[in-house]
Amino acid sequence: MKRTKISDLLHREDYGAEVCVKGWVRTKRGSKAVNFIALNDGSTINNVQVVADAEKFDPEMMRLITTGACISVEGEMVKSIGSGQAVEVQARKIEVLGECPSDYPMQKKGQTFEYMRQYAHMRLRTNTFGAVMRIRHNMAMAIHTYFHTHGYYYFNTPIITASDCEGAGNMFQVTTKNLYDLKKDENGKITYDDDFFGEQTSLTVSGQLEGELGATALGAIYTFGPTFRAENSNTPRHLAEFWMIEPEVAFLDQEELMDLEEDFIKYCVRWALDNCQDDLAFLNKMIDPGLIERLKGIVDTEFVRLPYTKGIEILQEAIKQGHKFEFPCNWGDDLASEHERYLVEEHFKKPVIMTDYPRSFKSFYMKQNEACTNVDGSEGSVGYKGAVAPGPTMQGTDVLFPQIGEIIGGSVREESYDKLMSEIERRHMDQTHLWWYIDTRRWGSCPHAGFGLGFERLILFVTGMQNIRDVIPFPRTPKSAEF
Ligand code: 4AD
Ligand code: MG
């Protein structure tokens with residue numbers, strides 16, 4: 001008999017029909033006369049209740065139906081009175097497809113997430129991870145749908161690259177060289193002409209630079225792929241391998257970039273509210289009682305647009321009022337997550353798009369704001385809506401979210417050849433691997449902008465989960481690449 005998915009079965013009303021369901025046993029309870037088996041097949045958070053009259057089945061077989069066992073059930077679909085669902089299955093035939101002895105690590109309820117991470121191969125079968133993974137899938141669909149319906153082309157950028165987009169130098173090297181017998185030149189430096197690509201290559205930290213090549217030809221593109229960062233940050237917000245969505249758009253200015261960031265992220269959250277109701281209700285009940293309210297709040301709220309310089313003023317005012325931060329926050333300092341969260345969660349109580357960051361800690365490719373002179377003769381700049389900053393700033397526009405901190409990092413790109421080159425030189429950057437990028441500013445340069453959304457940070461926000469290791473099937477973090 002053809003199998004029915006539980007997600008479909010629970011919506012049927014043709015009571016009396018013969019059906020076949022297959023899945024994993026969540027619980028079995030009952031009396032001598034009748035057993036109730038809660039069965040889940042991953043198609044939905046909801047279980048279907050299977051009712052098995054003891055007299056109809058071999059007691060030996062019934063004993064094998066334990067939590068985690070995989071079974072196939074044929075029987076009659078009947079209206080349910082007690083199972084919490086409209087439908088249950090009155091079993092006629094049960095087959096145990098896979099037994100599950102009592103050493104099954106996911107057997108007990110209420111295990112900690114730390115414990116479950118040791119069993120990443122089995123944790124997917126729990127309610128929480130099922131819900132998170134279904135939402136993750138739905139967010140991927142939302143993202144592709146958003147860009148497709150807004151006229152963006154899905155553009156695939158390389159994973160192996162010779163350039164370091166963010167310039168942070170935290171890349172994983174890719175080589176086929178024999179590390180036990182490295183060829184070196186006469187100065188003792190490792191050579192790469194004998195390596196697979198004939199030069200030093202790494203896993204990409206971002207598809208942006210190639211994305212810009214796409215946008216300045218196709219008008220609007222987006223990437224959606226894995227990115228890699230060898231930063232040794234053991235935090236609940238960092239992975240060594242994460243997925244990033246990077247739209248890049250020609251003829252977009254700073255205000256329009258912020259409009260895009262806000263519209264896009266609201267669309268994704270709305271998609272979750274519309275399409276993941278059962279899973280969100282489960283997470284709201286079991287993980288985070290404020291979750292659904294928070295998601296609804298985001299969709300209805302206008303994000304704050306705040307120049308960095310104003311943000312620093314607010315933080316310094318908070319310090320004056322007695323608020324304690326661990327890290328300093330003077331003009332020119334990169335904000336720590338405690339600062340971002342203060343602004344978002346305590347001061348504004350809504351998402352903030354921060355813009356016009358100091359040049360000192362942002363990337364070389366960002367559009368430079370117009371320079372002006374401070375009263376003391378030093379160089380200041382004029383940015384968003386004419387706001388003046390005491391030092392050189394760039395049109396970086398990051399989105400800061402409650403619970404998460406930075407969820408999007410974006411910017412308008414410097415389209416002027418001269419300005420871009422002077423910045424590359426000012427930073428003493430090695431231009432060997434950037435010549436093709438620089439060419440875009442030589443031939444038909446155009447204003448353009450884009451951003452990167454950390455996919456797992458979006459999933460953290462939408463699921464209410466606390467640790468980024470729990471929103472990707474198989475996390476990669478320092479000292480951890482099992483599974
Ligand atoms: O701010 P980032 O470094 O920006 C870029 O890579 C730009 N090239 C993007 C662009 O403009 N096209 O990273 C973008 C986002 C961050 O805001 C964060 O959400 C996420 O990527 N991210 C990480 N997520 C998980 N683990 C990490 N180690 C991450 N590093 C960045
Ligand atoms: Mg960033």
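Scope of the values below: all heavy atoms of this structure, side chains included, with no hydrogens, waters or symmetry mates. Note that ligands are numbered from 1 as they come in the structure, with each ligand's atoms numbered from 1 the same way. What you are looking at is a predicted structure, and each value in this text was computed from that prediction instead of being measured.
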Taking only heavy atoms of [X] into account, list the atoms of ligand 1 that are under 4.0 Å away from them.
| X | result |
| --- | --- |
| Ile407 | 17 (O), 19 (O) |
| Arg237 | 25 (C), 26 (N) |
| Arg413 | 10 (C), 11 (O), 12 (N) |

**Q.** For the student: nearest non-hydrogen atoms of Asp398 and Gly410, plus distance
**A.**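 Result for this residue pair: OD1-N, 3.3 Å.
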
Q.
For residues 213-231, which residue pairs pass the side-chain hydrogen bond (donor to acceptor under 3.5 Å, both in side chains) check, not counting sequence neighbours?
A.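 Pairs touching residues 213-231 that pass the test: His144-Tyr222.
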
(Q) Taking the ring centre of each residue, are Phe327 and His339 less than 6.0 Å apart? (A)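 Ring centres of His339 and Phe327 not closer than 6.0 Å.
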
**Q.** Aromatic contact, Phe228 with Phe172 (centres under 6.0 Å)
**A.**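 When the ring centroids of Phe228 and Phe172 are compared, they turn out to be at least 6.0 Å apart.
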
Q. Does Phe251 have any ring pair (Phe, Tyr, Trp, His ring centres under 6.0 Å) partners at least two apart in sequence or in another chain, and if so, which?
A.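 Testing Phe251 for ring pair (Phe, Tyr, Trp, His ring centres under 6.0 Å), a comparison that skips the adjacent residues, returns none.
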
Can you report which non-hydrogen protein atom sits closest to [atom], along with the distance?
| atom | value |
| --- | --- |
| atom 3 (O) of ligand 1 | Arg229 NH1, 2.8 Å |
| atom 7 (C) of ligand 1 | Glu166 OE2, 3.3 Å |
| atom 12 (N) of ligand 1 | Glu246 OE2, 2.6 Å |
| atom 16 (C) of ligand 1 | Glu406 OE2, 3.2 Å |

Q.
If I apply the N/O under 3.5 Å rule, does Gly454 come out as touching ligand 1?
A.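 Yes; at least one N/O pair falls below 3.5 Å.
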
**Q.** N or O pair under 3.5 Å between Gly410 and ligand 1
**A.**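 By distance alone, the answer is no.
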
Q) Counting backbone and side chain alike, does Glu406 bring an N/O/S atom below 2.8 Å of the Mg ion (ligand 2)? A)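 Coordinating: yes.
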
Q: Step through the shown structure and confirm whether more than 12 heavy atoms of other residues, nucleotides or ligands are within 6.0 Å of CD on Glu256.
A: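 Result for CD/Glu256: enclosed.
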
